[in-house]
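Numbers here are sequence positions counted from 1. In what follows, every heavy atom counts, from backbone to side chain, and hydrogens, waters and symmetry copies are set aside.
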Amino acid sequence: MLAKADFPAATALEMLTRHAIEAALLVPTPTGLEKSIFDATDGLREYLAERGYHDYATQAQGQDHKVLKQAYLVRPHSLEPSQVSLYRPTTKNGDPRIWLGHPVRSYASAFNLLALTVIGGTLYVLNMSDPSVQVSLDDAGSPFRKLVDRADQGDVVASELLGLLRQISSKGYLRTLRPGDTGIGFTLETMLGISANSNQAPDYKGIEIKAKRSRIGADKSRSTLFSKVPNWKLSPVGNALGLLKARGYVDSGGRLSLYHTLSALGPNSLGLALDIDAEKDWLRQVYHSPSTRTVIHDVTWEIPVLKSDLAAKHRQTFWVRAMCRGAGQDEEFHYVEVQRTRRPMTANFVALVEAGVITVDYALHKKSETRARDHGYLFKIHPDKLGALFPPPEVHALS
């Protein structure tokens with residue numbers, strides 16, 4: 001339903017995340033709005049359960065098990081009282097429902113984008129399609145903002161790392177210690193005394209470090225959030241070699257390869273796309289067959305596992321920007337700026353995949369008749385969209 005919203009989900013999430021607001025999204029249909037009753041989508045159910053607000057999975061069917069709570073509709077200069085009812089009817093397999101009270105009929109129109117957030121155990125509903133509500137998010141004096149504003153706290157390890165980065169920056173341009181795309185990160189980690197390894201844990205005492213080149217003109221490259229091997233047991237292709245045999249191509253060197261970006265917005269030139277299986281809570285890679293006009297399921301990731309990895313990888317991240325010059329073995333880096341982010345809003349993950357903001361890169365080729373070599377299954381995001389996933393960063397000049 002997010003695709004039918006009259007306001008972009010990614011933009012709304014970016015506005016909310018700017019103030020560390022995590023929310024679930026809902027798009028009312030004309031029929032649902034008439035009764036103020038909506039399907040409790042997978043994302044909403046998961047969010048409410050994670051926040052300890054309500055767990056539909058343990059709720060029995062019928063009116064006797066309905067849960068009523070106080071709720072508020074967020075207006076620019078007030079919080080309008082309403083009620084929320086959470087229940088599973090005896091009909092239609094007990095599909096979870098949420099009733100947002102009669103006031104929601106005058107608060108929203110069909111296909112508006114509603115954000116539901118829990119603060120202090122109370123549910124607040126924001127109409128993100130309403131420009132006045134959007135403006136009120138940036139108004140520190142608005143009633144809703146007063147609920148979410150919080151003091152920022154420093155961190156000893158972060159201060160220590162920032163000092164080391166400033167020392168490295170003071171050295172000016174440093175010649176790469178490894179040619180190629182990975183040289184910028186490898187050189188910085190070596191200067192910090194971090195050994196190269198395949199450990200997925202954050203790089204420096206719990207802080208993840210991501211180094212990024214900065215050249216003249218806009219930087220259009222995406223940043224890697226994390227890498228995650230699919231759950232091959234849940235994947236019809238079976239393993240990486242099976243994926244290559246099913247969807248790979250012969251590259252200029254004669255190897256069977258698969259280097260391509262996947263998006264949920266539609267199939268790429270190879271017919272591959274991402275797809276959300278909400279019922280099973282899976283992220284799938286599917287193949288759109290042009291000959292049979294069918295959609296074939298190839299690969300599976302479990303969404304809860306992806307969210308867990310994202311949260312563990314980016315509890316705190318330093319996104320280090322470097323000016324660069326030269327090329328190959330003669331490339332040099334001057335590390336000049338850090339953006340420090342904390343606590344990704346994992347509830348936004350699925351919506352950002354659906355919006356095409358988070359994508360996946362395949363990077364593998366056939367090594368032998370029995371083995372494939374991969375360089376990771378890379379979940380990426382454009383730097384301009386980090387604000388839809390992370391609260392506002394602290395920006396520190398290094399020189």
Side-chain angles (χ1 to χ4, degrees), residues 14 17-18 20 152-197 199-227 310 313-345 357-359 361 376 378-399:
E14 191 168 1
T17 303
R18 202 159 57 220
D152 195 14
Q153 298 180 347
D155 183 275
V156 174
V157 175
S159 297
E160 174 186 310
L161 178 56
L162 189 59
L164 292 174
L165 290 171
R166 284 186 168 133
Q167 291 178 23
I168 293 171
S169 179
S170 68
K171 300 178 185 295
Y173 279 93
L174 302 172
R175 186 175 180 179
T176 187
L177 299 177
R178 174 192 287 172
D181 291 341
T182 61
I184 185 170
F186 179 78
T187 301
L188 180 59
E189 291 180 2
T190 302
M191 296 296 295
L192 288 168
I194 301 172
S195 301
N197 58 67
N199 191 342
Q200 294 299 307
D203 300 307
Y204 186 86
K205 300 181 182 181
I207 299 178
E208 179 72 5
I209 300 171
K210 293 289 186 182
K212 195 76 174 171
R213 289 172 172 82
S214 182
R215 298 184 185 273
I216 296 174
D219 184 359
K220 300 298 183 184
S221 61
R222 294 162 296 143
S223 296
T224 299
L225 290 168
F226 62 97
S227 176
L310 172 63
K313 188 75 169 176
H314 291 286
R315 283 190 292 267
Q316 187 170 188
T317 303
F318 275 35
W319 307 83
V320 183
R321 184 173 66 88
M323 304 301 292
C324 55
R325 64 188 185 191
Q329 295 182 346
D330 296 323
E331 188 174 18
E332 295 179 315
F333 310 112
H334 182 199
Y335 301 96
V336 295
E337 183 185 84
V338 167
Q339 288 190 5
R340 178 192 180 195
T341 59
R342 280 169 283 185
R343 241 178 16 93
M345 302 296 190
V357 173
I358 293 178
T359 54
D361 275 17
L378 309 175
F379 285 76
K380 295 193 172 190
I381 188 171
H382 194 282
D384 288 349
K385 295 299 181 182
L386 284 176
L389 189 62
F390 296 94
E394 296 175 9
V395 180
H396 302 273
L398 298 179
S399 58

- request: With sequence neighbours left out, write down each residue that passes ring-ring contact (aromatic ring centres under 6.0 Å, His included) with F333, or none if nothing qualifies.
  value: none
Hey, are the side chains of [X] and [Y] touching, using non-hydrogen atoms and a 4.5 Å cut-off?
X: Y204; Y: E189; answer: no
X: S223; Y: W319; answer: yes
X: L165; Y: L192; answer: yes
X: F318; Y: H396; answer: no
X: L389; Y: T341; answer: no
X: R222; Y: D361; answer: yes

Roughly how far, to the nearest 0.5 Å, is [atom2] of [Y] from [atom1] of [X]?
X: T224; Y: I381; atom1: OG1; atom2: CD1; answer: 11.0 Å
X: L188; Y: I194; atom1: CG; atom2: CD1; answer: 7.0 Å
X: Q167; Y: L398; atom1: CD; atom2: CG; answer: 11.5 Å
X: E394; Y: Q339; atom1: CD; atom2: CD; answer: 11.0 Å
X: K380; Y: T359; atom1: NZ; atom2: OG1; answer: 7.5 Å
X: M345; Y: L310; atom1: CE; atom2: CG; answer: 11.5 Å

For the backbone of [Y] and the side chain of [X], can you confirm whether one donor and one acceptor N or O come within less than 3.5 Å of each other?
X: H334; Y: S169; answer: yes
X: T176; Y: R178; answer: yes
X: Y335; Y: I184; answer: yes

If I compare all heavy atoms of [X] with all of [Y], which pair ends up nearest, and what's the gap?
X: P392; Y: T17; value: CD-O, 3.3 Å
X: S227; Y: G376; value: OG-CA, 3.3 Å
X: K313; Y: L225; value: CG-O, 3.8 Å

- line: salt bridge (charged side-chain N to carboxylate O under 4.0 Å, His left out) filter on K210, not counting sequence neighbours, yields E208
Residues in side-chain hydrogen bond (donor to acceptor under 3.5 Å, both in side chains) with [X], at least two apart?
X: R166; result: none
X: D181; result: none
X: E332; result: R325
X: E337; result: R321

- request: Could you give me the CA-CA distance, side-chain angles and deciding distance for E331 and R213, then say whether side chain to side chain contact (heavy atoms under 4.5 Å, CB included) is met?
  value: CA-CA 11 Å; E331 188 174 18; R213 289 172 172 82; 2.9 Å; yes
- prompt: Would you call the rings of H314 and F390 parallel, tilted or perpendicular if under 30° counts as parallel and over 60° as perpendicular?
  reply: perpendicular
